[in-house]
Amino acid sequence: MKLRILLIYFVILISVPSIGQVGSPSRDIDCEQILIQADDEFNAGRFYGLPALLKPCLDNGSFSGEQKVRAYLLLTQTYLILDDPIAADDSYLKLLRADPEYVANPSRDPIDVYYLSKKFTSTPIFTPHVRIGLNTSLARTIYQNNPVGIPLDRKSIPKIGFQFGGGLDWNINNHWSICAEGNYSFKAIKRETKGFFSANGQAADNQVINERQNWFDIPMYVKYSDDSGNIRPFGYVGYAINLLLSSRGPDWLLKNNSSDGSAREANGAAENLTSKRNFVNRSIVIGGGFKRKIGKDFVYLDLRYMAGLSNLTKAEKIYYDKDGNFDISNTRYAYVSDLFRLDNLSISFGYIHPIYNPRKKTKPRLSNLFKKKSETIPDNK
Amino acid sequence: MPEENYFVKYYGEEGEQTGVDFVVNPDGTIVMVGNTERPGVLSQIYVVKVDANGHELWNRKFGLPDKKDWVKDVELHPDGRIVIVGETEMEVGNKDVYIRTISQDGVPLDSARHGLKKGSIETDEEVNSVSIINGGAGFSAGFIVTGSTTNVVTADARDLHDALFLRFDGGLVRIKESGPDPISIWGPPSYGYNSDDIAYKSVEVDASTIYVFGYSNRITGSYNGDYNFWYFALSGNATPKLNENYIGKASENEQLTSVEIANSNLGIRYILSGTAASSGTVQSYVVGLSSQLSFDTPDIRLENNSTVLAANPNDLLKVKVIGSINGSFLSISSDSRIGNQGFNIALTRLNGNAIRQSEPLIFGGEGDDFAGSVAELPNGRILLMGTMTIGQSSTAGQKKMVLLKLNSEGKLAE
């Protein structure tokens, strides 16, 4: 058999002198012409000279990315016809290295290439990404600590914060991935309360409370992504650990209005609220967006809602300052913190740099695990 | 829910509202009394009823539209009536006693205003408390309003006040010195010497004896003219006066600001507390008296200066000590030791010898805050009531009635 193949190569070499002429690598070669010629040769059924024909352009890097894909696809087809599966595998692997996003299509590609492609994947194992964006937070009251004996009219006013960070996706397959991020975020909330100390409903005092918080959020979630097209939607759901690094209350105000039209205001330096807040908090994460392919990388837009699960407030600390003394803000502003959860809505722009790893598929990892396990079970029979 | 166990809540409206005293009903609701001053309105008595979590159920204001009224005390009658007592300033230098009963729904029931005259001149009556009297064979049920009057017996320059103890029957009709019914006679309602003699609280002992506690600067025996705690006994119809005694140090002015009945303090029935001012310092002063008073030194079961209150004497300083669990005491005071924050409310637990067990717990802000009253609930939690200034200072803020519910350690925590 080997002798017969060698004989065929020899016949080809002496019967096709043109192939020998282009066999010497040169930067001056018109690789597009070579590629067209190789197509013609392939269509004419002259397969044996194709590797040699394409080699100079492949070796000296004269092909563009798209040409490289066409060349390796042609070689893959050729080796499949020549019944050389190892060379076919190698060519297809090189094709994927040239275009990790290449997906064989039975309507476009020969069926044998399509089936061969099923043995390969270029899905990145890990995909790092960075993000930056804006957010707004909503304090969801668990228990309203009312500093007066009558109901008050209290409302939350959305404030804008920002966040930035990065993450890593562990891709289970082309669609599903398990993701973790680490994000710094600045979140702000504002509450306005009316109805203090009124005269028959008139001239009530009003209170403005701001809170600005520094967070380190660690969301972990499962993501489903579309794997083809220029714009690829994705969605995810998961859980986050939210570390409240610090919290302060600037620009607080208690405005004491009188029915004669006069008013007295209480304000002062920012309040330190960190000692009144829990450091470790949790939330549900849900979000989605789309990513747009730019070269081999992506940019993305992500809309995320983190629904707080934890009470941020240390109930036993709300009346005391960080030194354990009765907090004068209790009297200066007639304020005591509610027990509340914090929800956060964010929009982020990000950049994804997939670490492609074209490779032959192995058996599913879980199956491997089970197999190894079963192999280590001693035979008791 | 935190409010079930601890809270700080302010009560009031436009203007300034102060907190003076409160009672706890058997159902856990609380009736607080204080005073209110609003733009264009003279001082009125302000009554607020709240539930056990501090939520306001109703509030009422009492007083004459063209006069100033102040409340001094509130008591809960066994039949559920709320009894409040204070003063009405009829004119400058002429305050009259004002007593009123209201229902638990805040409905006004009976009321009375009474003043004394010295000849044809109206005198100034200042009220400190009201006591509910069960009555008996010697006298009828009703109330005694205790305080002081400028209707004094001598012309001595030191004779500023005499002790005052006005009697009212259950319908707030004043019982006077003469009348057709022998059990409806109450002797002269004032008593004193050529000194400043002020009664603070009357306590019914039995059907024929009433103890009156106060303070006086009478010069007698070893007492050389500074103020000392003073107590004496009245017979059932206030005539005759029985024994009396003085307690205090020669170098200090002791002024009584509270009288409480002890319930779990060994050998002690009456807890007297007030201020003791000496050169450069004002301290709290706590005295425990036995139940059967002999009006002599053996009556005194404990005596101590428990806490420092201020550097200088001030009429706004106040101390109230009540009996607490395990024979200990709870003390609240208006305390002005904290830097630049004016007056604050201080809560201190004292041991059985009235020695403080730890540093006072301070409640208050930048403006002046004043202690009103304190009570210990059956579950050990503490209710503390008074006045706090909301805002940045006493001048830029407004005073509001405040109620604090604390745990047994005095903390705003579970």
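Quick note on labels: first sequence line is chain A, next is B, and so on, each numbered from 1. This one's a predicted model, so the numbers in the text were calculated from it and none came from an experiment.
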*Name the member of A/Asn146, A/Val336, A/Ile142 that forms the most heavy-atom pairs with chain B at distances under 4.5 Å.*
A/Asn146

*Heavy-atom distance under 4.5 Å to chain A: side chain of B/Thr395, backbone, both or neither?*
backbone

*Is the A/Tyr300 to A/Phe349 ring centre distance short of 6.0 Å?*
no

*By a 4.5 Å heavy-atom criterion (distance strictly below it), what part of A/Gln207 contacts chain B: side chain, backbone, both, or neither?*
neither

*Mind checking whether A/Phe186 and A/Phe162 have ring centres under 6.0 Å apart?*
yes

*asked:* At a 4.5 Å cut-off on heavy atoms, which part of B/Val8 comes close to chain A: side chain, backbone, both, or neither?
replied: both

*asked:* Less than 4.5 Å to any heavy atom of chain B: does that hold for the side chain of A/Tyr320, its backbone, both, or neither?
replied: side chain

*Less than 4.0 Å between a side-chain N and a carboxylate O, is that true for B/Glu3 and B/Lys9?*
yes

*Among B/Met388, B/Gln398, B/His55, which residue forms the greatest number of heavy-atom pairs with chain A at distances under 4.5 Å?*
B/Gln398

*Are any of the side-chain nitrogens in A/Arg131 or A/Glu181 under 4.0 Å away from the carboxylate oxygens of its partner?*
yes

*asked:* Looking at every heavy atom in both A/Asp321 and A/Ser275, which two are closest together, and how far apart are they?
replied: C-OG, 4.1 Å

*State, to 0.1 Å, how close A/Leu152 and A/Pro147 come at their nearest heavy-atom pair, and which atoms those are.*
CD1-CD, 4.0 Å

*For A/Arg264, is it the side chain, the backbone, both or neither that has a heavy atom under 4.5 Å from a heavy atom of chain B?*
side chain

*Would you mind checking which part of B/Lys400 comes under 4.5 Å of any heavy atom in chain A, side chain (CB onward), backbone (N, CA, C, O), both or neither?*
side chain

*What option among B/Ala396, B/Gly54, B/Pro39 has the most heavy-atom pairs under 4.5 Å with chain A?*
B/Ala396

*Please determine, among A/Pro151, A/Ala204, A/Ser259, A/Ser329, the option with the most heavy-atom pairs under 4.5 Å with chain B.*
A/Ser259

*asked:* If you take the centroid of each ring, where Trp contributes its six-membered ring, are A/Trp252 and A/Tyr335 closer together than 6.0 Å?
replied: yes

*Sort A/Asn256 into side chain, backbone, both or neither according to what part of it lies under 4.5 angstrom from a heavy atom of chain B.*
side chain

*If you count heavy-atom pairs under 4.5 Å with chain A, which of B/Thr389, B/Val50, B/Leu57 comes out on top?*
B/Thr389

*What part of A/Ser198 lies closer than 4.5 angstrom to a heavy atom of chain B: side chain, backbone, both or neither?*
backbone

*Check each atom of A/Asn267 against the heavy atoms of chain B and say whether the ones under 4.5 Å are side chain, backbone, both or neither.*
both

_Side-chain ion pair, B/Glu414 and B/Lys411, N-O less than 4.0 Å_ = no

*Do you know the tightest heavy-atom contact between A/Gln144 and A/Asp338?*
CA-OD1, 3.4 Å

